[in-house]
Amino acid sequence: MSQDSTGQGGGRAAARRLRKPPARRRALRAAAWSAAGVVLLGGAGLGYYYVKFNGNLKTVDIDAALGSDRPQNVDNGSMDILVLGSDSRGGANSEYGRDDGGSARSDTAMIIHLYEGHQKASVVSIPRDTMIKRPSCATSEGKTDPGSSRAMFNESFTVGGAACAVKTVEKMSGIRMDHYIEVDFTGFKKIIDKLGGVEVTTTKPIKDGASHLNLAAGTNKLNGEQALGLVRTRKSVGDGSDLGRIQLQQAFIKALIKQVKGIGVFDNPKRLLDVADTATKAITTDKSLGDVKSLMGFAQSLQGIDAQDMQMITLPVAGDPRDPNRVVPLTKESKLVWDSLLADQPIPAEATENSAGDKGTAGSIVQ
């Protein structure tokens, strides 16, 4: 029988070694069990937030509401999202105007087109007072509105909510909306505050009594209330129309993207949870985005897009010959926009060169 280095019988020593792992192995095993415990605890915590955030979300089943009366779903790797700003003056939003009993309007409407790979995007803003042909839609009372051959764009949301707004955009563009996201006044403010505000630089003072905004020229750190005031400002910038307000909104969105990138929301777990809690309470989505897993996956897919990767335009429009306070789409140029997005191609410059929407100077006020 062989002996170990101590001169004792190797059999008993070997047995002892088998019964008691070396210190290094014991440490690794302890670390593994500790890690497993952390994962389990973390999983329990994440499970709590998963249930909480899911409970926050409000959804609309667009597919069920519209059925088969929709454009073909083109599977080329791109994605189209209709984003609406809800303008109800009821409840918590009544401070922004006469309480309308909760009758909702969509003063902000944007179609976001994510190109294949989700590294670039085009954003098309639709002026609220664009005169369009509104399709028939189901109303909240369970009736059917017959539609109109001449109606303001934002009336669709008032008449039939999210589904009617989506249907109107799809009839206008020929593009199927993959998703729908709606944010209201109060929710928008809270999201900005949770982000710590957004820094913008104004080239001139902005004072607007209607939106309660008073900014000096120069760099300003906007809180939620001020940010909402900026995106609602209309009469004190540009020509005082909704077209000038859209330019301010587009400039603010680029500043917001820079802010989110700059503070590293996705790298700060606590801030991410705070923002997620606020955001899930503030938004309404289509049903397919209406759970935390889908919404987080969607948000993470956008991380590669910076402000300079976004082409932002206003739907090509001209003054309405029948009403100086309204605009109408430019037929040829609008078709060029929709055809480009449908083909997952950048919007060519000639689509907007004759448009009143992109000739103003309001956007240059905010940098």
For T284 and I181, run side-chain contact (heavy atoms from CB on, under 4.5 Å): C-alpha distance rounded to whole Å, both residues' side-chain angles, the deciding distance at 0.1 Å, then the answer.
-> CA-CA 6 Å; T284 300; I181 299 175; over 6 Å; no
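- Closest non-hydrogen pair, F188 versus A227, comes out as CE2-C, 3.7 Å.
- In this structure, CD1 on I246 lies 8.0 Å from OG1 on T108, to the nearest 0.5 angstrom.
- Inter-residue side-chain proximity for E182 and T285 is flagged as unmet; no heavy-atom pair is nearer than 4.5 Å.
- Summarising the geometry, atom OG1 belonging to T168 is positioned 11.5 Å from atom CZ belonging to F157; distances are rounded to the nearest 0.5 Å.
- Here CD1 of I112 is found 8.0 Å from CG of L302. Values are rounded to the nearest 0.5 Å.
- With respect to the salt-bridge test (charged N to carboxylate O, under 4.0 angstrom), the residues K194 and D274 do not qualify.
- When all heavy atoms are compared, the tightest approach of L330 to S355 is CD1-CA, 4.0 Å.
- Checking side-chain atoms of K167 against main-chain N and O of S136 turns up a donor-acceptor pair under 3.5 Å.
- No side-chain heavy atom of F153 sits under 4.5 Å from any side-chain heavy atom of V327.
- Counting heavy atoms from C-beta on, the side chains of I253 and V123 never come closer than 4.5 Å.
- Contact annotation: the side chain of I305 approaches that of L114 to within less than 4.5 Å [non-hydrogen atoms, C-beta and beyond].
- Salt-bridge formation is detected for the pair R134/E155: a Lys NZ or Arg NE/NH1/NH2 atom is positioned less than 4.0 Å from an Asp or Glu carboxylate oxygen.
- Of the residues V231, D242, T233, the one that meets the side-chain contact (heavy atoms from CB on, under 4.5 Å) test with Q249 is V231.
- With respect to the salt-bridge test (charged N to carboxylate O, under 4.0 angstrom), the residues D63 and R70 qualify.
- Side-chain contact, Y115 with S122: a donor N or O sits under 3.5 Å from an acceptor N or O.
- In this structure, the side chains of I175 and E170 stay at 4.5 Å or more apart for every pair of heavy atoms.
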When you look at V169 and I111, which way does the side-chain contact (heavy atoms from CB on, under 4.5 Å) test go after all the steps?
-> CA-CA 9 Å; V169 167; I111 297 169; 3.3 Å; yes
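- The pair D306-K258 does not count as a salt bridge, with every side-chain nitrogen at least 4.0 angstrom from each carboxylate oxygen.
- The residues D323 and R150 are annotated as not salt-bridged, no charged nitrogen and carboxylate oxygen being separated by less than 4.0 angstrom.
- Checked by atom type and distance alone, the side chain of S294 never pairs as donor or acceptor with a backbone atom of D291 at under 3.5 Å.
- Under a 3.5 Å cut-off, the side chain of N54 and the backbone N or O of V292 do form a donor-acceptor pair.
- One N or O on the side chain of D286 and one on the backbone of Y180 form a donor-acceptor pair closer than 3.5 Å.
- By the 4.5 Å heavy-atom criterion applied to side chains, D75 and N73 are not counted as neighbours.
- M131 is not connected to V124 by any chain of hydrophobic side-chain contacts under 4.5 Å among Ile, Leu, Val, Met, Phe, Trp and Tyr, and they are in different clusters.
- For A255 against V200, the heavy-atom pair with the smallest separation is CB-CG1, 3.7 Å.
- A salt bridge does not link D320 with R326: none of the charged nitrogens is closer than 4.0 Å to a carboxylate oxygen.
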Walk me through it: do E350 and L336 pass the test side-chain contact (heavy atoms from CB on, under 4.5 Å)?
-> CA-CA 9 Å; E350 57 263 33; L336 189 54; 3.6 Å; yes
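- Summarising the geometry of Q250 relative to I313, their closest heavy-atom pair is NE2-O, 3.0 Å, with the distance given to 0.1 Å.
- Taking the charged nitrogens against the carboxylate oxygens, K189 and E225 do have a contact shorter than 4.0 Å, which makes a salt bridge.
- One hydrophobic cluster, built from ILVMFWY side chains closer than 4.5 Å, cannot hold both V328 and V337; they sit in different ones.
- A side-chain donor-acceptor contact under 3.5 Å links S301 to the backbone of F298.
- Proximity of K332 to P316: side-chain heavy atoms (C-beta onward) are nowhere separated by under 4.5 Å.
- Side-chain atoms of S211 come within 3.5 Å of backbone N or O of G229 as a donor-acceptor pair.
- No hydrogens or angles considered: a donor-acceptor pair under 3.5 Å links the side chains of S78 and N76.
- Proximity of L215 to L222: side-chain heavy atoms (C-beta onward) are separated by under 4.5 Å at one or more points.
- By the neighbour-count criterion of 12 heavy atoms within 6.0 Å, atom NZ of K221 is densely surrounded, having more than that number from other residues, nucleotides or ligands.
- Taken from NZ in K281 to CG in L57, the straight-line distance is 11.5 Å, to the nearest 0.5 Å.
- Atom-to-atom distance recorded for D344:CG and K120:NZ is 12.5 Å, nearest 0.5 angstrom.
- Grouping the Ile, Leu, Val, Met, Phe, Trp and Tyr side chains by contacts below 4.5 angstrom, directly or via other members, places V83 with L228.
- Formation of a donor-acceptor pair under 3.5 Å by the S156 side chain with backbone atoms of G161 is not found in this model.
- Heavy atoms from other residues, nucleotides or ligands lying under 6.0 Å from CD of Q308 number more than 12.
- Each of D80, I62, L289 was scored for a side-chain contact (heavy atoms from CB on, under 4.5 Å) with D178, with one residue passing: D80.
- D184 and S86 share no donor-acceptor pair across their side chains, judged by distance under 3.5 Å alone.
- For D69 and K171, the salt-bridge test passes: some basic side-chain N is under 4.0 Å from an acidic carboxylate O.
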Using the side-chain contact (heavy atoms from CB on, under 4.5 Å) rule, take I192 and N223 through it: C-alpha gap first, then chi angles, then the decisive distance, then the call.
-> CA-CA 6 Å; I192 299 302; N223 60 25; 5.9 Å; no
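- When only modelled atom types and interatomic distance are considered, T201 and T219 share a side-chain donor-acceptor pair under 3.5 Å.
- The heavy-atom pair separating H118 from M79 by the smallest distance is CE1-CE, 3.9 Å.
- A side-chain contact (heavy atoms from CB on, under 4.5 Å) with S125 is found for exactly one of M110, Q247, R245, M312, namely M110.
- Of all the heavy atoms in A282 and I191, the pair that sits closest is CB-CD1, 3.9 Å.
- A salt bridge links D277 with K52; the closest basic N to acidic carboxylate O contact falls under 4.0 Å.
- Residues L342 and M177 share a hydrophobic cluster, clusters being chains of Ile/Leu/Val/Met/Phe/Trp/Tyr side chains in contact below 4.5 Å.
- Rounded to the nearest 0.5 Å, atoms CG (L256) and CG (L195) are 6.5 Å apart.
- Residue-environment remark: NZ (K58) exceeds the threshold of 12 foreign heavy atoms within 6.0 Å.
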